Amino acid sequence: MSAAEQMVAAAPALSVRGLSTTFAAANGRRLTAVDNISFDVMPGEVLGLVGESGSGKSITLRSIMRLIHAPGEVTGHVGWQGRDLMALSEREMRKVRGGEIAMIFQEPMTALNPVLPVAVQIEENLRAHTSLDAAGRRKRAIELLDLVGIPAAASRLGDYPHQFSGGMRQRVMIAIGLASNPRLLLADEPTTALDVTIQDQILKLILELRDELAMSVVLVTHDLGVVAATCDRLAVMYAGRIVETGPVGEVFYQPHHPYTRGLLGSVPRSGAERTMLLSIEGTPPGLAAIPPGCAFAPRCGFADAGCTAARPPLEDFSAGHAVACFHHQTVGQQEAVLHG
Amino acid sequence: MAEPLSNAGPLLSVEEVHKRFALPHGLMRRLAGKPPQAVNALNGVNLQIRRGETVGIVGESGCGKSTLARCLVRLLEPDNGRVRFEGQDVGELKGAARRAFNRRVQMIFQDPYSSLNPRMTVRQILSEALSVHRMRPAAQIPERIAELLELVRLPQDAADRYPHEFSGGQRQRIGIARALAVEPDVLVADELVSALDVSVQAQVVNLLLQLQEKLSLTVVFVAHDLRLVRHIAHRVAVMYLGKIIEIGPTDRLFSQPRHPYTRALLDAAPELDPARRGGQAATRGELPSPVNLPAGCLFSTRCPHAFERCFKERPLLSPRGPEHRASCHLEHFGLPEAAA
């Protein structure tokens, strides 16, 4: 089944086409943070957006939510419920933002208002996106805190963010996001600041809520372990572009992009203790100095002259698995990093 | 009786170390006649580190792992107990003996941005270490700096640049070069690669493994990332609320953890293999406050296996096999026939 046929089979919940985000730099040049990317998120699906710092994964989420302001500029199409989010007026967008599409951030301490009790912050969202009266909003706020696993929810309504632990604050932020029954949750490194046992609880919570509320989720993370544990599909980003995308199992067991392969090899795994990790030489490029052609070429063991001359397009090579590499066949034939 | 300086004894040992940090004695508590409070960071830690081995110390935030690291290099003085280096009480070292200890036990910090002086070039940073400890006559210092840069694989022209001109991974290499400049026996690395991107983490981990073999270093590797610790360490100590709750050879501890907290940590750590996706969250609840420690077993408030005795009596770290110790009243926990 080709990608086109798949889309007929099930209409995507979110359809991003040719999204680019640029920022004006001091010398009149424009820096490209997100470079012409396209992807779909199916109803009820968890898509992982993976990459290292500066790869453009968080900017992609903010661009979808139209949270990029001057000197930033976003172009492209974001298809959502038969509309193009890029074409909506700010007033219409406010209904979508925090309503149909919710977003949660890495740092709940900076994303929450420190001088308002959490009840006020949840009710604020309920007032904007539902028709509940004051009593109904209070009841719903308790339900939501309960839903995200905050013990004795009713007694914590009047508490301020600083009275919660890091994990509990992240739960509060998820409760605020869920207040409007969103159809899509955009989660920007939601567990990066948390300890592993708490991360585990929050990720499981997001998966449970996805099942209960039939939401789609886009999860931005730098941790491939988090992707393996939660996502259905993933898109790997490098220097603002998607370099490989596909079902998690396929990409992990048989990566076709040298960068994906390098990332997987950089994570220590059991059975190979105290051996050299398959690291990637060099560091990710800065936005002001993205190499011509394939941006990964200078760090790539497979690169040749063709890689710096032209940019490899992101092309399907099997159903739903696409890669942007001229040498993807060679890369795919390498010994697997992970054995399924 | 002085310990003989043989290779058989531990190089560095920690004996029943306690460390408390006083909290501000607030007005309300004073008026109420309540005593001042303190954070119990270390609550009786015992650890022996042999020459040439890598000991990993893992635990979540607030478990005391960084405090322990700082006590090891004598950046902090323990309130009770002692740290011994080659059998001698480190707290009693004076003059030349103290300076020798300061040279032979080196620390590398987590944040390469704040642990290097921004106003000094790499050459100045390295020569300061060399001249303070009189490692080389002035005339030989340039040659030694070249050697050190080579050792950590930085280009020679790095010497005359400032820390801000380097990426995070390169800065961490400068930190390693500075520590190695004084030819230490022990390296204490506190979250060495936590601030780095995944692909760069792997480079620094590879470097550390190579340097350890080449220079026969003893390494104490403090980290929250279990995958990293498993990859690097010969032995691993797991800390919880200021105590070591399990310690053992890496492969044994990971394949057959004998403490419910170690089990929970392993279950919570996201596996890279998508096929090994877990079901239930591994723990419930969050870390209790280190101000008021639980009365019995420190983990009893979150432990799914806790029974009456656990809430009254604190278990001792007792043998579970060769070099393997755990502190749990369930002596058979983790064995194939785990029926207690």
Side-chain angles (χ1 to χ4, degrees), chain A residues 51-55 149 151 165-168 191 194-205 207 222-231 247-249 251-253 259 262-270 272-284 286 299 337-340, chain B residues 54 58-63 166-170 196-207 209-210 212-213 224-234 250-251 254-255 261 264-287 289 302:
Chain A
E52 298 181 282
S53 21
S55 62
S165 67
M168 286 294 157
T191 58
L194 306 177
D195 276 319
V196 285
T197 58
I198 309 299
Q199 162 168 287
D200 180 50
Q201 293 172 7
I202 297 286
L203 292 176
K204 301 254 156 77
L205 171 69
L207 288 185
H222 67 280
D223 188 334
L224 288 165
V226 168
V227 173
T230 52
C231 299
V248 168
V251 175
F252 272 55
Y253 296 132
Y259 178 62
L263 270 188
L264 285 164
S266 297
V267 181
R269 62 212 169 275
S270 53
E273 285 76 23
R274 295 190 61 78
T275 54
M276 290 296 120
L277 295 169
L278 179 71
S279 69
I280 308 173
E281 286 305 308
T283 47
R299 299 176 73 192
V337 181
L338 267 179
H339 296 279
Chain B
T54 299
V58 283
E60 300 181 280
S61 26
C63 73
F166 296 91
S167 67
Q170 288 173 320
L196 307 177
D197 269 323
V198 189
S199 66
V200 181
Q201 272 190 1
Q203 297 167 9
V204 176
V205 165
N206 285 347
L207 176 67
L209 285 170
Q210 286 166 346
Q212 184 182 18
E213 304 241 316
H224 69 280
D225 186 334
L226 286 152
R227 292 178 298 214
L228 267 178
V229 170
R230 178 181 201 169
H231 191 77
I232 289 176
H234 297 110
T250 307
D251 52 342
F254 278 82
S255 62
Y261 178 64
L265 264 188
L266 294 181
D267 288 347
E271 273 282 344
L272 201 53
D273 190 341
R276 291 165 69 180
R277 205 173 270 201
Q280 286 282 305
T283 54
R284 55 200 165 101
E286 308 201 2
L287 205 66
S289 151
R302 297 170 79 193

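Here is how names work: the chains are called A, B, and so on, in the same order as the sequence lines, proteins then strands, and each is numbered from 1. For clarity, every value in this text was computed on a predicted model and none was experimentally measured.
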Would you give the length of the straight line joining atom OG1 of A:Thr191 to atom CG of A:Asp223, rounded to the nearest 0.5 angstrom? 7.5 Å
Going by heavy atoms in the side chains, are B:Val198 and A:Leu224 under 4.5 Å from each other? no
Within the 4.5 Å heavy-atom criterion, are A:Arg269 and B:His231 side-chain neighbours or not? no
Considering only heavy atoms and a distance below 4.5 Å, find which of A:Gly249, A:Gly54, A:Ser165 pairs most often with chain B. A:Ser165
Name the region of A:Leu264, side chain, backbone, both or neither, that has any atom closer than 4.5 Å to a heavy atom of chain B. both
Ionic contact status for B:Arg230 with B:Asp225, cut-off 4.0 Å: no
Could you check whether any side-chain heavy atom of B:Asp251 comes within less than 4.5 Å of a side-chain heavy atom of A:Glu273, counting everything from C-beta outward? no
At a 4.5 Å cut-off on heavy atoms, which part of A:Pro151 comes close to chain B: side chain, backbone, both, or neither? neither
Does any backbone or side-chain atom of A:Thr230 lie under 4.5 Å from a heavy atom of chain B? Answer side chain, backbone, both or neither. backbone
Taking the side chain as everything from C-beta on, heavy atoms only, tell me whether A:Leu277 gets closer than 4.5 Å to A:Pro268. yes
For chain B, the option from A:Asp200, A:Val196, A:Leu278, A:Leu263 that forms the most heavy-atom pairs under 4.5 Å: A:Asp200
So, A:Asp195 side chain and B:Ser61 main chain: donor-acceptor pair closer than 3.5 Å or not? yes
Counting heavy-atom pairs closer than 4.5 Å to chain B, which one of A:Leu205, A:Leu207, A:Thr197, A:Ile280 comes out on top? A:Thr197
Taking every heavy-atom pair that is under 4.5 Å apart, which of B:Arg302, B:Gln212, B:Glu271, B:His234 has the most such pairs with chain A? B:His234
Among B:Gly169, B:Ala202, B:Ser199, single out the residue with the greatest number of heavy-atom pairs under 4.5 Å to chain A. B:Ser199
Which bit of A:Gln201 is near chain B, if near means a heavy-atom gap under 4.5 Å: side chain, backbone, both or neither? both
Given a strict heavy-atom distance threshold of 4.5 Å, which part of B:Glu213 is in contact with chain A: side chain, backbone, both, or neither? side chain
Minimum side-chain heavy-atom gap A:Phe252-A:Val337 below 4.5 Å: no
For B:Ser255, is it the side chain, the backbone, both, or neither that has a heavy atom closer than 4.5 Å to a heavy atom of chain A? neither
Top contributor to chain B interface from A:Gly262, A:Gly149, A:Gly167, A:Cys231 [non-hydrogen pairs under 4.5 Å]: A:Cys231
